[in-house]
Trainee: 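Sharing a structure here in structure tokens format.
For clarity, every value in this text was computed on a predicted model and none was experimentally measured. What you see below is based on every heavy atom in this structure, not just the backbone, and it leaves out hydrogens, waters and symmetry mates.
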Amino acid sequence: MLHKSRRNFIKTAALVGAGLLFLTPKSYAVEKMQNNNSLKGKKVLYVYGGWSGHEPQQSVDVFVPWLKAEGAELTMSDNLDSYLDEELMGSVDLIIQSWTMGTITNEQEKGLLKAVRNGAGFSGWHGGIGDSFRNNTEYQFMVGGQWVAHPGGVIDYSVQITDKNDPVTKGMDDFKMHSEQYYMHIDPNVKVLATTEFTAEHASWIDECVMPVVWKKYYGNGRIFYSSLGHVMTDFEVTEALEIMKRGIRWAAESKYAPKEKWVSPVYK
């Protein structure tokens, strides 16, 4: 697929289940209750590619019908040259990226970072933004963390909701996952919404380590939202994993329209 410019928004016909793919009746009720920040009219750039093991192409089937149902105006791209399109990058309200590993040119990175500093939101999951461009430290500074390990590979683990008041996680309970438990190097200047605890089973030196799973942050004026859940798309069959991602996307899309939130709480002070 060639890069699509802002003037060629896609028209997705398959609104699977009105964008409620994988949602149970219980989660649909939560979805309706939490849909306060509509994506209606928001310009969203959806960039996908990189390592195929994280199913970037399949992610389109999960998130694009929902985004369309929410009223977002979508531009789809499987090419990082999207970040070179100054008109497009100056107009978008939100960038959703699913691009694990790979490389990004200096010019492409500059286009992305500039758009976010100027107020575009940036959102993604797992390696799609948390392990995208391993040689680009400024990009990692923007995201707020970088994947370094998943001890044991695909395992059973639990996720703890640590912020019960934030709109992204309000009303949610702790839940279980069968997936990769991401061990990450984390920016202490993020607002952590959910965590997971490691055991000694696969790496003795990380026993009882508590690791952020979901967080918010800013880069310039842009809102950043990240969840380490979503190794493969079936992970989003877990109601809470999908709902967290949807709420986080809505939050990030408000960068240019909502007041800047304040939450800095130095953990080492």
Side-chain angles (χ1 to χ4, degrees), residues 23-24 26-39 63 66 70 94 96 116 121-126 128-130 140-147 156-177 179-199 206 208-231 235-236 238-255 257-269:
L23 287 177
T24 64
K26 175 184 175 182
S27 65
Y28 174 56
V30 174
E31 168 99 0
K32 289 176 67 177
M33 179 179 65
Q34 294 296 331
N35 188 7
N36 298 319
N37 294 327
S38 174
L39 293 172
F63 288 100
W66 170 71
E70 291 267 306
L94 174 67
I96 298 174
V116 177
F122 187 68
S123 183
W125 55 90
H126 203 64
I129 69 171
Q140 295 165 17
F141 183 32
M142 175 180 71
V143 173
Q146 170 63 37
W147 170 85
D156 293 317
Y157 67 96
S158 62
V159 176
Q160 287 72 49
I161 303 298
T162 54
D163 191 322
K164 303 284 188 178
N165 297 316
D166 193 278
V168 172
T169 45
K170 188 173 183 178
M172 289 191 177
D173 298 320
D174 299 346
F175 58 97
K176 298 184 182 299
M177 296 294 299
S179 186
E180 290 180 341
Q181 186 182 28
Y182 258 20
Y183 195 98
M184 305 188 74
H185 288 172
I186 307 291
D187 182 345
N189 190 32
V190 299
K191 183 181 184 183
V192 178
L193 306 182
T195 62
T196 188
E197 184 172 338
F198 286 83
T199 71
I206 61 171
E208 298 184 356
C209 173
V210 175
M211 179 65 55
V213 171
V214 180
W215 68 74
K216 293 174 166 183
K217 66 163 294 189
Y218 281 91
Y219 180 76
N221 293 317
R223 291 181 170 192
I224 312 297
F225 180 80
Y226 176 74
S227 169
S228 68
L229 309 173
H231 170 56
D235 285 0
F236 290 113
V238 177
T239 299
E240 294 86 352
L242 181 60
E243 183 66 18
I244 283 172
M245 199 64 234
K246 288 181 174 183
R247 294 185 193 179
I249 286 171
R250 292 192 190 107
W251 176 81
E254 293 294 320
S255 281
Y257 309 100
K260 204 165 188 178
E261 298 178 7
K262 295 182 180 180
W263 61 66
V264 174
S265 180
V267 295
Y268 301 120
K269 191 171 181 179

Trainee: How long is the span from the CD atom in Glu180 to the CG atom in Asp235, to the nearest 0.5 Å?
Mentor: 8.5 Å
Trainee: Between atom OH of Tyr182 and atom OG1 of Thr196, what is the distance when rounded to the nearest 0.5 Å?
Mentor: 14.0 Å
Trainee: Supply the atom-to-atom distance Ile206 CD1 to Met211 CE, rounded to the nearest 0.5 angstrom.
Mentor: 7.5 Å
Trainee: Could you tell me if the side chain of Trp66 sits less than 4.5 Å from the side chain of Lys246, heavy atoms only?
Mentor: yes
Trainee: If you take the centroid of each ring, where Trp contributes its six-membered ring, are Phe122 and Tyr219 closer together than 6.0 Å?
Mentor: no
Trainee: Thinking salt bridges, do Arg250 and Glu254 make one under a 4.0 Å N-O criterion?
Mentor: no
Trainee: Under the criterion side chain to side chain contact (heavy atoms under 4.5 Å, CB included), which of Val192, Asp163, Val190, Val168 is the partner of Lys216?
Mentor: Val168
Trainee: Taking NZ in Lys164 as the centre, count heavy atoms belonging to other residues, nucleotides or ligands within less than 6.0 Å. Is the count above 12?
Mentor: yes
Trainee: What distance do Phe236 atom CZ and Ser179 atom OG have between them, rounded to the nearest 0.5 Å?
Mentor: 9.0 Å
Trainee: Just checking, Lys260 and Tyr218: is the charged tip under 6.0 Å from the six-membered ring centre and within 45° of the axis?
Mentor: yes
Trainee: Minimum heavy-atom separation for Ala258 and Arg223, please, with both atom names.
Mentor: CB-NH2, 3.3 Å
Trainee: To the closest 0.5 Å, what do you measure between CE (Met184) and OG (Ser228)?
Mentor: 6.5 Å
Trainee: Measure the spacing between CD1 of Ile224 and CD1 of Ile129 and express it to the nearest 0.5 Å.
Mentor: 7.0 Å
Trainee: Can you tell me which residue among Tyr226, Phe225, Trp251 is in a side chain to side chain contact (heavy atoms under 4.5 Å, CB included) with Ser123?
Mentor: Phe225
